[in-house]
Amino acid sequence: MSKSVLFIDDDETYLYVLERAAKAVDTDSGVYTARNGKDALEMIEGWRKANQKIPNVMFVDAIMPVMDGFEFLETFKTQREQYELLKDIVPIVMLTSSMNDSDREKALTIGLVEKYVVKPAGIKDTELMLAEIIQ
Amino acid sequence: MNTVYQEIFDCSPVAMLLVDEQSKIELANKHAEDLFEYSSEELIGEDIGILVPEETRKKHPGLVTGYFSSPLPRQMGVGRNLYGVKKDKSKFPVEVGINPIQADGKFYVMSSVIDITERMRAEERFKLAVDAAPNGMLMINESGIIELVNKVIEDIFGYGRDELVGEPIETLVPDDFKMPHPAFIKSYVADPEPRAMGIGRELFGKHKSGKLIPVEIGLQPILSGSDVFVISSIVDISYRKHAEKEIESKTEEIKEFSYRTSHDLKSPLLTIEGLADYIVEDISQGNTGSASENASRVKSLTKKLNRLVEDILILTKADLNAEEESVFDFNQYYEDVEEKFDFLLKENKIDISNIFMHKKPLLTQQTRLTQVLDNLIANALKYFDKNEENPYVRLNVFSDNRKLYIHVEDNGKGIPKRNHKDVFGMFKRFDDSGVAGSGLGLYMIKKHMQKLGGKISFESSPKGTTFYLEFVLDESAIG
């Protein structure tokens, strides 16, 4: 069964890297991208309204303009409680360059985040990381 | 008189004079002769008044008679400064002890006189030393009454020393601590040791105006016979407290800065590494198109990084350097701006105009103000409204008697209301339309304005944004 993945990150070049790595790991996977928390929520709402399949995994960056990762998680948490359909979306992985312990704690405390991953350098590690999570 | 007693009298190390009820000197010992520089023949039979300062001479006989009405062994003139007069009419400070004597049925006064010139000099030197001390020095007795203060204490607390000497130390203690303070003194006096006061607490003194002053206090007991005095050394640490706060806020700033910088620098670097890997993969797969695309991506990311590093450098310089002030030439500046931003203006068909109505010159640091205005204008151009038919940026300058005002106005997209409070924050970007920016621009502008001594504020709506700069005009720059 094909999986689908949503990457949320403000750096569109990095999204290219993630997309390419994801495709390399699982050629059939559907890859979706959003540039910030707000756009991501809009995409999710779009799927929900159309009763379409929602990604199996979401990768969220911590620091983004307009709506950062933490804000997105908080808002999404509230939405999940409202809509049954969204309850299937897990796991969420916070993928960020921040090695800050307090950020890690903050993410894990919100409760939706299954893993806090510091962005790996280079495609090998990126692909390994994605493989581990997507499969 | 008995010869033994005569010997004792004569050889006493203290000057002694025997005076009768009529104030006549009956006997004078050797020391008295030396002290007053008379021979005993010259003294005996004379009125004791000749040894007393002229001012007191008239009333002295009255004092003698008065003494005899209730003759008690005691110190003479307690609380007053007493002086004796030598044969050469010179005055010197003395201490006089008087004792009633009855001999051969007659009443006499035996007075012992001590020259305290040296002692007074020593006391004077002590007072001068205390006064010259770089710290506040204050002495209280065991009952907590102030006996001595120095100039620094006068300065710290705003009192003259006459207002403090004789008053309880609680005058200088903040109201919250007035009640327990006497008990504190009592327990200190019972077991006095040199130490700092209130370790681990913040201590305050109360200025005459009521204002509280942060202080550091050291206590030193002085034991004089059975009396205990306490000398406290008091330092006003307001300046130090202020500096501590500055350091704390700078440290916070640095922490935030490091956190944000590392993210903003690391992200593109990570991406570049990924892209480099893909270029290698692309080449090995013969996919030159993709390789070429990725190489372009690497290039634009490195440019972005470069700009960020530059901005960071400028930011640190913004904090450090101070320039010479000179009159700001707005007309020249405007010409430069039209040139500098020519491409953006033409590309996006944005109109720039100015109104310079100020009547007074502005004396300021050229580079700083130029950076501030450049930044504001660049932002206005960057965030212009694509849907607006006639996008514009205006630079207007006015003045009144006291201030010079600069307005940078645009009819662009505006700053979302919920972001208004973060506008001058570090690394804050609000727009996601792909406009490159380090998020440091307005933060730097605020720093620059602080250094220039000016104020900055803004108004923004979806119809446009205006930044307001205000400078107080230097009196000397006028006319």
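Just so you know, these numbers use all the heavy atoms, side chains as well, and skip hydrogens, waters and symmetry mates. If you're wondering where the values come from, they're calculated on a predicted model, not measured in any experiment. So that the names make sense, note that chain A is the first sequence line, chain B the second, and so on, each numbered from 1.
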With a 4.5 angstrom heavy-atom cut-off, which part of [X] approaches chain B: side chain, backbone, both or neither?
X	answer
Asp125(A)	neither
Asp9(A)	neither
Ala21(A)	both

Under 4.5 Å heavy-atom distance to chain A, tell me which part of Leu269(B) shows up: side chain, backbone, both or neither. neither
For the [atom1] atom on [X], are there more than 12 heavy atoms of other groups (residues, nucleotides or ligands in this structure) within a distance under 6.0 Å?
X	atom1	result
Glu42(A)	CD	yes
Lys463(B)	NZ	no
Glu248(B)	CD	no
Lys38(A)	NZ	no
Glu338(B)	CD	yes

With the threshold set at 4.0 Å, does a side-chain nitrogen-carboxylate oxygen contact exist between Arg20(A) and Asp282(B)? yes
Any chance you could measure [X], atom [atom1], to [Y], atom [atom2], to the nearest 0.5 Å?
X	Y	atom1	atom2	value
Leu275(B)	Tyr16(A)	CG	OH	7.0 Å
Thr126(A)	Asp277(B)	OG1	CG	8.0 Å
Lys124(A)	Glu273(B)	NZ	CD	12.0 Å

Taking every non-hydrogen atom, the tightest pair across Thr13(A) and Thr271(B): C-CG2, 3.6 Å
